[in-house]
Number of protein chains: 2
Amino acid sequence: MQNATAPHDEGAEGEEGFVSNYLLYLLAAASEAASAQFHAEVRQKGLRVPEWRVLAWLHDRDGEMITRLARISLIEQSRLTKIIIQMEERGLVTRQGDAQDRRRVRVWLTNKGRTLAQGLVADARIHEAQVLSILEGGDGARLKPALSALLRELDPESRG
Amino acid sequence: MQNATAPHDEGAEGEEGFVSNYLLYLLAAASEAASAQFHAEVRQKGLRVPEWRVLAWLHDRDGEMITRLARISLIEQSRLTKIIIQMEERGLVTRQGDAQDRRRVRVWLTNKGRTLAQGLVADARIHEAQVLSILEGGDGARLKPALSALLRELDPESRG
DNA sequence: CCGATAAGTATGAAAATTCATATAATTTCG
DNA sequence: CGAAATTATATGAATTTTCATACTTATCGG
């Protein structure tokens with residue numbers, strides 16, 4: 001039935017349309033599609049996605065300050081402040097003012113937070129391998145390098 | 001000064017950490033970074049990003065129903081309903097019940113909406129070319145095909 | 001050293017998004 | 001056929017997120 005009321009066809013026959021091959025769409029859609037399953041797992045463990053991102057970064061490097069953690073975790077600063085406070089209340093992290101620069105607040109994993117983070121990182125590795133296995137052959141091997149390069153060029157500060 | 005209170009280093013020296021080479025992070029971060037500039041442009045023209053996505057899809061194919069438009073535009077259904085109502089109030093689209101299946105609501109661009117969409121699509125093409133030019137050489141050529149393939153495998157329904 | 005500017009974080013109101021569910025129409029199939 | 005299940009959209013309350021800005025501490029220029 002899906003062709004019964006075939007909506008108006010903009011372009012010619014073979015035309016695929018703009019969006020479905022538009023880089024920004026492909027990036028957003030691929031990100032969503034690739035993440036959906038794992039993010040569902042994250043939520044089942046009682047975390048929101050931004051919280052998982054914070055845990056993952058702290059797993060890599062503990063004691064980051066709020067602003068930088070926000071930048072690398074793709075979270076707006078004032079929101080991260082709120083999230084960190086909630087995570088502290090749940091016993092996942094602690095906040096400590098930086099002695100050198102008392103404007104800064106550094107965030108550290110608690111043991112509980114670290115255990116959770118380690119478990120999730122392990123899951124994430126497994127899930128990542130599954131997703132990458134989809135692309136075995138052709139383009140798979142170059143996807144991560146290409147994304148890294150793009151990121152490096154577009155947002156030099158993000159790592160560095 | 002950034003090393004004065006060098007945060008605890010989790011891994012070994014050469015170790016880059018988990019997240020910065022994690023596929024789901026690279027996808028999300030690259031998507032954000034690549035989109036940031038253009039999305040700012042969109043907002044300057046008085047649209048939110050989801051509204052732009054809807055316009056772009058309708059530009060390609062007018063008269064989509066709400067549910068499908070939501071799926072392909074990466075917007076949750078009840079939210080899209082609200083957005084479409086607002087866009088209708090702004091004179092960008094019109095809604096029409098489908099005669100064949102009266103549960104469905106199909107969305108059509110108005111002339112105003114179409115003009116806006118065409119302008120934005122033109123801008124998007126230019127911006128996309130700029131972003132892709134960053135990757136000239138190496139990996140650039142295969143990025144879009146790789147993302148398409150990933151998408152196709154992960155979410156077969158989204159097109160087709 | 002002082003005033004001005006900048007950097008880092010927090011806060012609250014406003015806006016948005018999500019979630020569960022209501023409502024309505026269609027399809028399935030015994 | 002007709003009850004049950006399914007599909008499509010809308011709605012409202014609750015939660016999340018954004019935005020502007022306050023507040024504190026640090027840095028810079030003279």
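Numbered from 1 within each chain, the chains take letters A, B, ... in sequence-line order.
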Check your understanding: For B:Ile83 and B:Arg102, take the nucleotide of DNA chain C holding the closest heavy atom to each; which residue's nucleotide lies nearer the 5' end?
Key ->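 Going by which nucleotide is closer to the 5' end, it is B:Ile83.
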Practice item. Considering only NZ, NE, NH1 and NH2 on the basic side and carboxylate oxygens on the acidic side, decide whether B:Arg106 and B:Asp62 come within less than 4.0 Å. Key: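 Looking at B:Arg106 and B:Asp62, the cut-off is not met.
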Practice item. Applying salt bridge (Lys or Arg N to Asp or Glu O under 4.0 Å), name anything that partners B:Lys82, two or more places apart in sequence or on another chain. Key: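 So B:Lys82 forms no salt bridge (Lys or Arg N to Asp or Glu O under 4.0 Å) with any residue.
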Practice item. Report the residues that fulfil salt bridge (Lys or Arg N to Asp or Glu O under 4.0 Å) with A:Glu153, sequence neighbours left out, ordered by chain and then residue number. Key: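 Not a single residue meets the salt bridge (Lys or Arg N to Asp or Glu O under 4.0 Å) criterion with A:Glu153.
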Round to a whole Å and report the spacing from [atom1] of [X] to [atom2] of [N].
X: B:Glu51; N: C:dA16; atom1: CD; atom2: P; result: 9 Å
X: A:Arg48; N: C:dT18; atom1: CZ; atom2: P; result: 13 Å
X: B:Leu80; N: D:dT7; atom1: CG; atom2: C1'; result: 16 Å
X: B:Glu64; N: D:dT9; atom1: CD; atom2: P; result: 11 Å
X: B:Ile84; N: C:dA16; atom1: CD1; atom2: C1'; result: 16 Å
X: B:Gln100; N: D:dA8; atom1: CD; atom2: C1'; result: 15 Å
X: B:Leu47; N: C:dA16; atom1: CG; atom2: P; result: 13 Å
X: B:Ile75; N: D:dA10; atom1: CD1; atom2: P; result: 14 Å

Exercise for review: For A:Gln77, check side-chain hydrogen bond (donor to acceptor under 3.5 Å, both in side chains) against everything at least two apart and list the hits.
Suggested key: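 If we apply the side-chain hydrogen bond (donor to acceptor under 3.5 Å, both in side chains) test to A:Gln77, skipping adjacent residues, the hits are A:Thr81.
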**Study point:** Residues in ring-ring contact (aromatic ring centres under 6.0 Å, His included) contact with A:Tyr22, at least two apart in sequence or another chain
**Key:**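 Expected list: A:Phe18.
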**Study point:** Letter per nucleotide, 5' to 3', of nucleotides 4-12 of chain C [B base touched, S only sugar-phosphate touched, - untouched; heavy atoms, 4.0 Å]
**Key:** --BBSBBBB
Point to revise | Contact list for residues 28-44 of chain A, test salt bridge (Lys or Arg N to Asp or Glu O under 4.0 Å), sequence neighbours left out | key: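 For residues 28-44 of chain A: none.
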